[in-house]
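Chain naming here is simple, since letters A, B, ... match the order of the sequence lines and numbering starts at 1 in each.
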Protein chains: 2
Amino acid sequence: MKPERQLDIFLAALRGSDLRITPSRRAIVQALLCAARPLSAEELCHEACRTHPGVGLASVYRTLEALQSFKYIRQVQLGRRVFVFACMDESQHAHLICSVCHQLTECDLSAIAGTFQQSIGRVGFQPATNAIEIVGTCSACQ
Amino acid sequence: MKPERQLDIFLAALRGSDLRITPSRRAIVQALLCAARPLSAEELCHEACRTHPGVGLASVYRTLEALQSFKYIRQVQLGRRVFVFACMDESQHAHLICSVCHQLTECDLSAIAGTFQQSIGRVGFQPATNAIEIVGTCSACQ
DNA sequence: TCGTTATTGATAATAATTCTCAATTATAAC
DNA sequence: GTTATAATTGAGAATTATTATCAATAACGA
Ligand SMILES: [Zn+2]
Ligand SMILES: [Zn+2]
Ligand SMILES: [Zn+2]
Ligand SMILES: [Zn+2]
């Protein structure tokens with residue numbers, strides 16, 4: 001999905017709640033959606049400042065919390081640093097995250113989605129998202 | 001696999017490196033292997049002290065780091081707390097982790113293991129472990 | 001436009017993790 | 001068993017990530 005479309009979806013979710021659309025929030029979400037790899041809160045703050053100077057780290061965390069409550073992003077811990085990434089995809093797929101270079105690769109799982117859901121659903125478990133994060137090493141870093 | 005067997009495997013790994021087997025380490029590993037659910041570092045420290053009083057939190061973190069370097073455990077973040085758990089299973093399976101009650105349920109994925117590995121391996125990705133962690137809500141907490 | 005109320009950024013406070021260091025101890029060689 | 005060496009220990013300090021606080025600002029419906 002295109003970042004612009006994802007941005008619209010998030011803004012609509014904001015309107016649906018008692019949350020307001022501010023330049024800071026817009027900059028933070030936009031930066032997150034356009035990032036090619038998972039970003040830390042501080043990196044995200046720095047990026048957001050490029051389009052809206054002066055964005056505070058606290059606002060970044062607040063926005064991330066909102067995004068999490070909407071189930072639009074998830075936190076992933078790599079080693080000793082925490083990275084945050086966005087994903088609003090509807091399809092069942094995996095995020096292959098390299099612990100060395102932090103590159104994120106999307107991996108389609110539609111072929112096994114059915115059986116997968118079945119295995120999980122058998123015990124009555126409800127996944128928070130339909131994207132699975134798998135940490136490891138990418139082909140370039142092995 | 002039984003905790004005693006897992007303990008032996010870890011101790012053997014220690015001997016293979018330049019790491020020594022101490023009462024503290026033994027207590028920490030044992031506590032981790034016997035825990036029925038993911039434990040935080042502090043909880044683990046408390047548990048380890050039951051068999052070997054005085055275990056320091058720093059030693060817990062050091063031991064956890066060693067276990068991680070051997071790929072025997074992984075850190076999983078749930079909300080704002082970090083949990084640590086052990087898994088030395090060889091089989092391809094999923095860890096269904098409830099974000100409400102923090103219960104960990106094992107879910108066999110042997111049926112789709114082949115296709116799954118194929119999907120991931122296609123892009124040359126090497127998973128750090130053969131267990132996938134999936135966060136969500138268990139049947140009791142929905 | 002105006003009033004209400006959420007949001008802001010800076011800063012302080014908290015919590016998790018890592019670092020430091022002198023004392024201890026596991027391990028291997030003798 | 002003794003001894004030498006180097007890893008490990010626990011306590012506490014230092015660091016780092018995250019959250020709470022607060023007065024000033026700004027979004028948005030009326
Ligand atoms: Zn995705
Ligand atoms: Zn890589
Ligand atoms: Zn397992
Ligand atoms: Zn539960």
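- Aromatic ring orientation, Phe116(A) versus Phe116(B): parallel (interplanar angle below 30°, classes split at 30° and 60°).
- Between the Glu47(B) side chain and the Leu32(B) main chain, no donor and acceptor come within less than 3.5 Å of each other.
- An angle of 50°, rounded to 10°, separates the two end axes of the helix from dT1(C)-dA30(D) to dC30(C)-dG1(D), each defined over five pairs.
- A straight line from CD1 of Ile21(B) to C1' of dT24(C) spans 18 Å, rounded to a whole angstrom.
- At dT8(C), one or more side-chain N or O atoms of Thr22(A) fall inside 4.0 Å of OP1 or OP2 (strictly under the cut-off).
- Counting to the nearest Å, the C1' atom of dT5(C) and the CG atom of Leu19(A) are 12 Å from each other.
- In this entry the distance linking CG of Leu57(B) with P of dT15(D) reads 18 Å, nearest Å.
- Rounded to whole Å, atom C1' of dT8(D) lies 12 Å from atom CG of Leu14(B).
- A donor-acceptor contact shorter than 3.5 Å is absent between the side chain of Gln75(A) and the backbone of Gln68(A).
- For the OP1/OP2 pair of dT18(D) and a distance below 4.0 Å, the side-chain nitrogens and oxygens of Gln75(A) include at least one atom meeting the criterion.
- Here dG10(D) presents its C1' atom at 10 Å from NE2 of His52(B), a figure rounded to the nearest Å.
- Between Gln68(A) atom CD and dT18(D) atom P there is a gap of 10 Å when expressed in whole angstrom units.
- Contact check, Ser24(A) against dG9(C): a side-chain N or O comes under 4.0 Å of OP1 or OP2.
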Passes side chain to side chain contact (heavy atoms under 4.5 Å, CB included), Glu42(A) versus Val60(A)? Steps please.
CA-CA 8 Å; Glu42(A) 205 140 4; Val60(A) 171; over 6 Å; no
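- Residue Glu106(A) places its CD atom among more than 12 non-hydrogen atoms of other residues, nucleotides or ligands, all under 6.0 Å distant.
- Taking only side-chain nitrogens and oxygens, Tyr61(B) never comes nearer than 4.0 Å to OP1 or OP2 of dT18(C).
- In this structure, Leu39(A) places its CG atom 16 Å from C1' of dA17(D), rounding to the nearest Å.
- Under 4.0 angstrom from either OP1 or OP2 of dT18(C) there lies no side-chain N or O belonging to Arg62(B).
- Checked against dA6(D), dG10(D), dT5(C), the side chain of Ala58(B) finds its nearest nucleotide in dG10(D).
- Residue-level contact check: Pro23(A) touches the backbone only, with heavy atoms under 4.0 Å from sugar-phosphate atoms and none from bases.
- Other residues, nucleotides and ligands contribute only 12 or fewer heavy atoms inside 6.0 Å of the CD atom of Gln103(B).
- Atom CZ of Arg25(B) and atom C1' of dT8(D) are 6 Å apart (whole Å).
- Taking the six-membered ring where the residue is Trp, His93(A) and His95(A) present perpendicular rings, their angle passing 60° and hence far from 30°.
- Ranking dT25(C), dT7(C), dT9(D) by closeness to the Arg20(B) side chain, first place goes to dT25(C).
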